[in-house]
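Take a look at the structure below.
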Amino acid sequence: MNEKRKALELIRECLVDYSTPLYIVGNIDELNLATNNVISVLAPKSSFAIINESYPDWVNRAYENANNMFNIVVFKDFDKLSLEEQNLFTDIICNNRISSEDLPEDLKIILNSEKQCKLIPKISDVVQQIEL
């Protein structure tokens with residue numbers, strides 16, 4: 001229990017104080033994060049791009065939650081992506097942008113996977129990793 005409390009405190013600190021993208025390994029559902037913005041990275045690729053001025057649902061929720069301490073998006077199933085497929089997320093994770101449009105400045109990004117996986121250098125260089 002104490003380990004989980006420490007992990008939660010570290011997560012809060014990273015999200016609130018540093019706005020660092022997080023890579024959380026383990027069952028994130030147990031953390032009861034205050035967000036309704038969860039999407040599997042296995043969703044169609046169109047869910048991670050703005051196409052014909054049509055915004056993915058998670059992006060719309062991020063704009064709706066702007067200026068809210070809990071403006072969080074969770075990208076689940078990250079361990080199920082190939083290293084090549086991870087490149088699709090570098091602009092979102094590293095530059096806080098989607099289809100060359102800025103995401104809300106206060107959006108906190110969490111990558112989640114059930115088990116540890118190798119991240120491409122562009123992503124591993126910017127995320128804080130936490131194991132549950």
Side-chain angles (χ1 to χ4, degrees):
M1 185 62 194
N2 206 8
E3 287 300 310
K4 185 162 284 184
R5 191 173 298 124
K6 280 184 193 165
L8 267 173
E9 186 55 34
L10 182 59
I11 290 167
R12 189 201 64 72
E13 200 175 287
C14 288
L15 291 176
V16 175
D17 299 341
Y18 304 111
S19 292
T20 308
L22 296 181
Y23 171 50
I24 300 177
V25 179
N27 185 354
I28 199 169
D29 299 332
E30 295 174 5
L31 299 177
N32 296 323
L33 294 172
T35 185
N36 62 346
N37 209 354
V38 179
I39 183 168
S40 170
V41 293
L42 302 176
K45 285 191 177 26
S46 60
S47 299
F48 304 102
I50 299 170
I51 300 169
N52 297 329
E53 295 183 31
S54 176
Y55 290 71
D57 288 343
W58 70 268
V59 174
N60 287 328
R61 281 192 292 274
Y63 283 112
E64 288 165 15
N65 291 330
N67 302 316
N68 174 336
M69 184 173 143
F70 299 107
N71 192 3
I72 300 170
V73 62
V74 177
F75 295 116
K76 292 194 65 115
D77 305 316
F78 217 77
D79 52 333
K80 296 180 175 64
L81 290 179
S82 70
L83 292 175
E84 191 175 295
E85 290 170 318
Q86 288 182 22
N87 282 302
L88 176 65
F89 295 89
T90 56
D91 210 30
I92 295 169
I93 297 163
C94 303
N95 304 320
N96 207 41
R97 295 170 69 83
I98 181 171
S99 302
S100 54
E101 197 163 306
D102 289 335
L103 289 165
E105 209 172 284
D106 64 351
L107 180 64
K108 291 142 179 88
I109 298 171
I110 297 177
L111 311 178
N112 179 232
S113 61
E114 291 290 313
K115 59 187 187 325
Q116 180 70 44
C117 72
K118 183 170 174 42
L119 298 175
I120 59 172
K122 278 183 189 166
I123 292 176
S124 65
D125 287 351
V126 298
V127 298
Q128 168 75 42
Q129 184 171 321
I130 298 172
E131 292 195 41
L132 298 179

Worksheet item: Leu111 and Val41: same hydrophobic cluster, using ILVMFWY side-chain contacts below 4.5 Å?
Response: yes
Practice prompt. Say whether, by atom type as modelled, one donor and one acceptor occur between the side chain of Asp125 and the main chain of Lys122 under 3.5 angstrom.
Written response: no
Worksheet item: Are the side chains of Ile24 and Val74 in touch, meaning some heavy atoms are under 4.5 Å apart?
Response: no
Worksheet item: In the single-linkage hydrophobic clustering (I, L, V, M, F, W, Y; side-chain heavy atoms under 4.5 Å), do Phe70 and Phe75 co-cluster?
Response: no
Worksheet item: CG/Leu22 to CD1/Ile72 distance, rounded to the nearest 0.5 angstrom?
Response: 9.0 Å
Item to complete: Considering non-hydrogen atoms only, spot the tightest contact between Glu114 and Lys80 and give its length.
Response: CG-NZ, 4.4 Å
Discussion item. Among residues at least two apart in sequence or on other chains, which ones pass ring-ring contact (aromatic ring centres under 6.0 Å, His included) with Phe78?
Written reply: Phe89
Worksheet item: If you count the non-hydrogen atoms of other residues, nucleotides and ligands that lie under 6.0 Å from CD in Glu105, is the total more than 12?
Response: no
Practice prompt. From the options Asn71, Asn37, Thr35, select the one residue that forms a side chain to side chain donor-acceptor pair (under 3.5 Å) with Arg61.
Written response: Asn37
Discussion item. Return the CG to SG distance between Asp79 and Cys117, rounded to the nearest 0.5 Å.
Written reply: 5.5 Å
Discussion item. Is it the case that the side chain of Asn96 and the backbone of Pro104 share a donor-acceptor pair, with hydrogens and angles ignored and the cut-off at 3.5 Å?
Written reply: yes
Worksheet entry | Under 3.5 Å donor-acceptor, Thr20 side chain and Gln128 backbone | no
Discussion item. Quick check for you: to the nearest 0.5 Å, what is the distance between Leu119 atom CG and Thr90 atom OG1?
Written reply: 12.5 Å
Fill in: Closest non-hydrogen atom pair, Arg97 against Leu103
N-CD1, 4.0 Å
Discussion item. Please check this pair: side chain of Asn112 against backbone of Gly26, looking for a donor-acceptor N/O pair closer than 3.5 Å.
Written reply: yes
Discussion item. When you compare the side chain of Pro56 with that of Ile98, does any pair of heavy atoms fall below 4.5 Å?
Written reply: yes
Item to complete: Write down the atom of Lys76, the atom of Asp29, and the distance for their closest heavy-atom approach.
Response: NZ-OD1, 3.2 Å
Worksheet item: Is Ile39 linked to Ile92 within one hydrophobic cluster, defined over Ile, Leu, Val, Met, Phe, Trp and Tyr using a side-chain heavy-atom separation of less than 4.5 Å?
Response: yes
Fill in: Exam field: side chain Asp77 to backbone Ser40, donor-acceptor pair closer than 3.5 Å
no
Fill in: Nearest heavy atoms of Asp106 and Ala66, plus distance in Å
OD2-C, 3.5 Å
Fill in: Nearest-0.5 Å distance that lies between atom CD1 in Ile120 and atom CG in Asn87
4.0 Å
Response to the item:
When every non-hydrogen atom of Ser46 is compared with those of Ile51, the smallest separation belongs to CB-CD1, 3.7 Å
Worksheet item: What is the distance from atom CG of Leu33 to atom NZ of Lys108, rounded to the nearest 0.5 Å?
Response: 12.0 Å
Practice prompt. Look at the aromatic rings of Tyr55 and Tyr63 and report parallel, tilted or perpendicular, splitting at 30° and 60°.
Written response: perpendicular
Worksheet, complete the sentence: Closest non-hydrogen contact found for Ser100 with Asp91 is N-OD2, 4.2 Å
Discussion item. Between Val126 and Phe48, is there shared hydrophobic-cluster membership here, with clusters defined by ILVMFWY side-chain heavy atoms closer than 4.5 Å?
Written reply: yes
Worksheet entry | Short side-chain to backbone donor-acceptor contact, Gln129 and Gln116, under 3.5 Å | no
Discussion item. Hydrophobic cluster membership, with links at side-chain heavy-atom distances under 4.5 Å among I/L/V/M/F/W/Y: are Ile109 and Val25 in one?
Written reply: yes
